[in-house]
2 protein chains.
Amino acid sequence: MKRIELSKGQVIQRKGDLNSKVYHVESGLLRSYSIDEKGKDHIFMFAPEGWIMADNVSPDQPCDLFIDALEDSIVIQKTKDLDLTHEIQKLIKRIQVLQKRVIMLLSAPAIERYEHFIQTYPDIVQRVPQKMIASYLGITPQALSTLRGEIARK
Amino acid sequence: MKRIELSKGQVIQRKGDLNSKVYHVESGLLRSYSIDEKGKDHIFMFAPEGWIMADNVSPDQPCDLFIDALEDSIVIQKTKDLDLTHEIQKLIKRIQVLQKRVIMLLSAPAIERYEHFIQTYPDIVQRVPQKMIASYLGITPQALSTLRGEIARK
DNA sequence: GGTATGCATTCATGTAGATTAACAAATCCC
DNA sequence: GGGATTTGTTAATCTACATGAATGCATACC
């Protein structure tokens with residue numbers, strides 16, 4: 001548990017870093033974001049004073065997001081708790097999944113979202129009609145059908 | 001805490017219902033979804049056996065999502081805990097925000113997402129450049145500039 | 001104080017995915 | 001088992017938003 005003063009523009013966490021921390025923002029403003037393969041950044045969240053900022057990955061995983069300060073800020077840095085209750089672990093897991101989904105919706109075209117979906121939930125794909133997968137992905141059933149045609153053709 | 005057998009197609013929770021519950025799926029498959037003003041549905045999540053399904057709203061708020069069974073299912077229904085730790089409440093709050101964001105990305109055009117953002121985070125709008133708001137919304141700075149022009153003109 | 005650098009705006013053009021419609025295939029169900 | 005309903009496919013057209021480029025304004029920096 002450490003108090004850190006950040007100046008505007010300072011990056012405190014990068015994609016791939018280990019030991020991702022939790023930051024309680026005392027003053028200022030933080031941002032977390034991903035950078036896609038074209039170099040475009042996609043902001044996941046803003047955290048002004050009073051908010052918690054964290055990359056929602058397991059404590060032992062490399063993190064997905066960059067975090068930096070948009071204003072001079074003061075934060076309390078904490079290590080992620082390891083002895084969490086089962087209930088809290090499940091909630092964090094759920095946040096991770098949602099974080100990934102938001103980032104995909106912001107940055108990936110439908111075809112990549114579909115491929116990610118079938119990799120992540122292969123059994124669901126078998127059990128629900130395609131139009132529901134389209135609905136989950138945020139596209140129409142017609143568009144999904146066309147995408148699948150393109151995938152099959154290559 | 002109650003065991004419930006559901007038949008395929010059965011709706012167990014509707015938007016606007018109070019006392020939203022938590023469902024532990026023992027067998028089968030549940031789905032949660034919203035319906036937009038045009039009648040299109042947008043699937044928020046699937047929950048097969050072993051998963052937890054819940055509309056992530058405070059126990060005293062009307063719920064946002066519909067939940068139904070995509071297969072004959074057996075679930076354990078629990079009431080939402082009221083005496084949660086502060087930490088868990090914060091996590092749930094965060095899930096609510098992400099749930100809303102996913103639904104908006106799935107169903108609302110950029111202009112509505114922008115209007116929702118400025119209502120929800122009016123101070124952030126003042127503190128960051130527009131291009132970052134565009135990045136948060138999932139559009140380009142040029143598109144946001146055009147939208148703002150349209151809003152101003154009306 | 002002048003000149004880089006970043007930000008917002010506007011416009012022309014391109015494109016992913018929506019919409020509409022028609023039809024084929026699967027599935028439900030009495 | 002056969003008609004009805006739901007699902008998936010294909011194709012033509014349309015639209016929201018992306019891309020790229022040019023311009024005017026700030027703000028930052030020697």
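Labels below follow one simple rule: chain letters A, B, ... track the order of the sequence lines, proteins then strands, and each chain is numbered from 1.
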Exercise. Which pair of heavy atoms, one from A/Asp64 and one from A/Asp55, lies closest together, and at what distance?
Worked result: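 It is N-OD2, 2.6 Å.
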Problem set entry | Taking every non-hydrogen atom, the tightest pair across B/Ala47 and B/Met53 |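 Of all heavy-atom pairs spanning B/Ala47 and B/Met53, the closest is CB-CE, 3.8 Å.
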Problem set entry | End-to-end axis angle, where each axis spans five pairs of the helix from C/dG1-D/dC30 to C/dC30-D/dG1, to 10° |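 Taking five pairs per end, the axes differ by 50°.
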Close side-chain approach of [X] and [Y], heavy atoms under 4.5 Å:
{"X": "A/Lys15", "Y": "A/Ser34", "answer": "no"}
{"X": "A/Leu30", "Y": "A/Ser73", "answer": "yes"}
{"X": "B/Ile12", "Y": "B/Leu6", "answer": "yes"}
{"X": "A/Leu105", "Y": "A/Arg113", "answer": "yes"}

Problem set entry | Atom pair CZ/CZ of B/Phe46 and A/Phe117 - distance to nearest 0.5 Å |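 With rounding to 0.5 Å, CZ (B/Phe46) is 5.0 Å from CZ (A/Phe117).
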Exercise. Between NE2 of A/His42 and CG of A/Asp36, what distance do you get to the nearest 0.5 Å?
Worked result: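 Answer rounded to 0.5 Å: 3.5 Å.
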Problem set entry | Other cluster members, A/Val22 - Ile/Leu/Val/Met/Phe/Trp/Tyr, side-chain contacts below 4.5 Å |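 In the cluster with A/Val22 are A/Ile52.
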Exercise. Cluster partners of B/Leu18, using ILVMFWY side-chain heavy atoms under 4.5 angstrom, listed by chain and number?
Worked result: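 B/Leu18 clusters with nothing; isolated.
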Protein-nucleic acid N or O pairs under 3.5 Å, nucleotides 28-30 of chain C:
none

Problem set entry | Pairwise side chain to side chain donor-acceptor pair (under 3.5 Å) hits with a residue in residues 131-144 of chain B, at least two apart |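 Found none.
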For this session: For DNA chain C, find the residues of residues 30-37 of chain B with a heavy-atom distance under 4.0 Å and give them by number; none if there aren't any.
Result: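 Those residues: none at all.
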Exercise. From the 5' end of DNA chain D to its 3' end, which nucleotides mark the outer limits of contact with chain A, defined by a 4.0 Å heavy-atom distance cut-off (strictly under)?
Worked result: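 Listed 5' to 3', the contact boundaries are D/dT7 to D/dT19.
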Problem set entry | Base-contact (B) and sugar-phosphate-only (S) positions in nucleotides 6-22 of chain C, heavy-atom cut-off under 4.0 Å, - elsewhere | -SSBB------SSBBB-
For this session: Could you list the residues that satisfy salt bridge (charged side-chain N to carboxylate O under 4.0 Å, His left out) with A/Glu26, not counting sequence neighbours?
Result: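 Expected list: A/Arg3.
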Exercise. Looking at residues at least two apart in the chain, or sitting in another chain, which of them share a salt bridge (charged side-chain N to carboxylate O under 4.0 Å, His left out) with B/Glu49?
Worked result: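 Result, salt bridge (charged side-chain N to carboxylate O under 4.0 Å, His left out) vs B/Glu49: A/Arg127.
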For this session: For A/Asp68, enumerate each residue passing the side chain to side chain contact (heavy atoms under 4.5 Å, CB included) test, keeping only those at least two apart in sequence or located in another chain.
Result: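 Listed in chain order: A/Val11, A/Arg31, A/Tyr33, A/Leu70.
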Exercise. Which pairs pass salt bridge (Lys or Arg N to Asp or Glu O under 4.0 Å) with one or both residues in residues 92-103 of chain B, sequence neighbours excluded?
Worked result: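 Not a single pair qualifies under salt bridge (Lys or Arg N to Asp or Glu O under 4.0 Å).
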